[in-house]
There are 2 protein chains.
Amino acid sequence: MDSKIISPAVIGRLPRYYRYLGDLKDEGVERISSQELSELMKVTASQIRQDFNNFGGFGQQGYGYNVEYLYNEIGKLLGLHENHHLIIIGAGNLGRALTNYSNFENRGFIFEGIFDQNPALIGKKIGELTVMPMEEIESFILAHSIDIVVIAIPKTGAVAVADRVVNCGIKAIWNFAHTDLNVPDGVVVENVHLSDSLMKLSYTLSTKNNSVD
Amino acid sequence: MDSKIISPAVIGRLPRYYRYLGDLKDEGVERISSQELSELMKVTASQIRQDFNNFGGFGQQGYGYNVEYLYNEIGKLLGLHENHHLIIIGAGNLGRALTNYSNFENRGFIFEGIFDQNPALIGKKIGELTVMPMEEIESFILAHSIDIVVIAIPKTGAVAVADRVVNCGIKAIWNFAHTDLNVPDGVVVENVHLSDSLMKLSYTLSTKNNSVD
DNA sequence: AAAGCTTTGATAATTATTTGACAACTTATT
DNA sequence: AATAAGTTGTCAAATAATTATCAAAGCTTT
């Protein structure tokens with residue numbers, strides 16, 4: 001409907017707002033001003049107001065923002081008002097960790113299946129799920145209305161698996177493989193490159209040592 | 001020494017350059033131009049040259065960049081020429097997954113210890129490591145010259161643990177807890193908020209459904 | 001119900017980041 | 001040895017993101 005383009009910077013901040021507002025709600029806080037929230041989150045009040053205004057503005061002059069309302073509205077923006085059905089490709093350490101990370105389910109992210117190519121793992125239980133063979137990915141996606149695929153396998157197989165699930169109509173991939181996936185327009189990939197993250201930390205650590213000491 | 005401030009945007013791109021250059025090196029590619037690299041990485045050649053120039057420029061006019069040299073130089077920038085010693089706080093699913101993710105060791109990130117507060121876990125083997133009780137964190141950090149602490153526990157305990165390790169002189173924290181850590185100046189925190197990442201994916205998925213369909 | 005206080009939403013100014021253009025230099029070719 | 005082709009590093013221009021400012025509007029108090 002309103003196809004206004006929201007900048008990536010703003011989208012990237014939404015989950016953090018959501019987190020803080022959730023905490024405030026749990027603490028029983030009813031209203032908050034951009035000023036108060038800015039002190040809590042260590043950002044400028046101007047940025048907060050600017051961000052929310054991208055979506056039409058959720059506040060009221062002279063009052064501020066109603067915490068619960070704002071929390072719900074941002075939740076809707078983030079697509080948390082509807083359930084998402086996920087499968088995990090790769091039952092290694094990371095795949096297992098994600099499966100058991102029950103936190104996601106509370107937000108409507110439901111893990112429906114887990115797949116691996118290692119015959120020794122197939123049939124094993126991981127949390128509530130049973131590891132299935134890779135051949136069944138396509139049929140499972142169609143049968144269970146999967147809308148998000150989590151890739152948690154080494155980079156060698158990742159690109160091929162991504163192609164397969166994209167061919168099944170998957171439009172969203174959460175990629176933990178240490179490689180970039182080349183997907184067609186209309187498919188979103190959210191990368192979690194753990195090594196990259198660790199290197200960034202290492203960069204800052206090294207630089208600081210050189211300049212301060 | 002040269003305390004020129006590098007923009008966060010540039011730093012954030014360094015690991016990706018490093019990854020691509022490593023792949024090129026492994027393929028036996030000797031030299032590459034910013035033009036070729038830009039096509040590979042789907043960024044502008046101008047950005048690549050601009051980025052490298054922040055550090056003095058690694059190329060040669062008329063020739064391009066020597067892949068191996070550039071790879072090594074970026075590695076040095078990222079602090080990968082020296083070993084880092086890490087401990088993991090939290091031997092849950094995520095802590096275990098990280099411990100066994102041997103990839104990091106190849107880059108000089110050495111996991112030296114893992115801690116948990118659950119008595120049932122203490123003494124258990126995880127990969128090469130044995131789970132230790134939380135009380136021993138401080139002494140272990142000092143005895144083993146730990147320079148990076150990985151926080152992989154629920155958010156309730158995360159802030160307190162961060163305070164403890166900061167008091168031990170730790171300057172770098174890799175934080176997987178679903179909360180922001182409030183650390184003093186001079187301490188770097190690199191956050192990996194998995195839920196945030198998943199929500200971003202969900203945002204784009206929802207938005208696309210609304211606008212395209 | 002009026003007056004003063006608060007706070008948003010919107011606009012403008014500032015700052016940061018990305019892209020484009022080209023001189024200077026290197027390599028390759030004739 | 002001279003010329004042509006290729007490529008960086010740098011500067012300038014354009015775009016994007018953040019911050020500051022303030023009028024307009026809603027609350028709160030008397």
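To find a chain, count down the sequence lines: A is the first, B the second, and so on, and within it residues start at 1.
With hydrogens and angles ignored, no donor-acceptor pair closer than 3.5 Å exists between the side chain of Q61(A) and the base of dT7(C). Side-chain to base pairing of R49(A) with dT18(D): no donor and acceptor N or O lie closer than 3.5 Å to each other.
The side chain of Q50(B) lies closest to dT18(C) when the candidates are dT7(C), dT19(D), dT18(C). With dC27(D), dT8(D), dT7(C) as the candidates, the nucleotide lying closest to the side chain of S34(B) is dT8(D). Listed candidates were dC27(D), dA17(D), dT18(C). Nearest to the side chain of S7(A) is dA17(D).
Residue contacts shown for Y65(A) are limited to sugar-phosphate atoms, with no base heavy atom under 4.0 Å away. Residue contacts for S46(B): at a heavy-atom cut-off of 4.0 Å it reaches a base atom on one of the strands shown.
Atom CD of Q47(A) and atom C1' of dT11(C) are 17 Å apart (whole Å). F52(B) places its CZ atom 14 Å from the P atom of dT18(C), with the value rounded to the nearest Å. Across the protein-nucleic acid pair, Q35(A) atom CD and dC5(C) atom C1' stand 15 Å apart, rounded to whole Å. Going from atom CZ of F58(A) over to atom P of dG26(D) covers 18 Å, rounded to whole Å. Rounded to an integer number of Å, the gap from CD1 of I5(B) to C1' of dT17(C) is 15 Å. For the pair F55(B) CZ and dT8(D) P, the computed distance is 17 Å after rounding to whole Å. Rounded to a whole Å, the CG atom of N53(B) is 14 Å from the C1' atom of dA24(C). If you take CD1 of I48(B) and C1' of dT17(C), they are 16 Å apart, rounded to a whole angstrom.
At dT6(C), none of the side-chain N or O atoms of R31(A) fall inside 4.0 Å of OP1 or OP2 (strictly under the cut-off). For the pair T44(A) and dT18(D), the criterion of a side-chain N or O lying under 4.0 Å from OP1 or OP2 is not met.
Classified by interplanar angle (parallel below 30°, tilted 30° to 60°, perpendicular above 60°), the ring pair F176(B)/W174(B) is perpendicular. Between F109(A) and F104(A), the angle of the ring planes goes over 60°, which puts this pair in the perpendicular group of the 30/60° scheme.
In this structure, F52(A) has its ring center under 6.0 Å from that of Y65(A).
Remark on DNA chain D: of its neighbouring residues V10(A) and E36(B), the 5'-side contact belongs to E36(B), judged by nearest-heavy-atom nucleotide.
The heavy-atom pair separating I74(A) from L14(A) by the smallest distance is CG2-O, 3.9 Å.
Between D51(B) and R13(B), at least one side-chain N (NZ, or NE/NH1/NH2) sits under 4.0 Å from a carboxylate O, which counts as a salt bridge.
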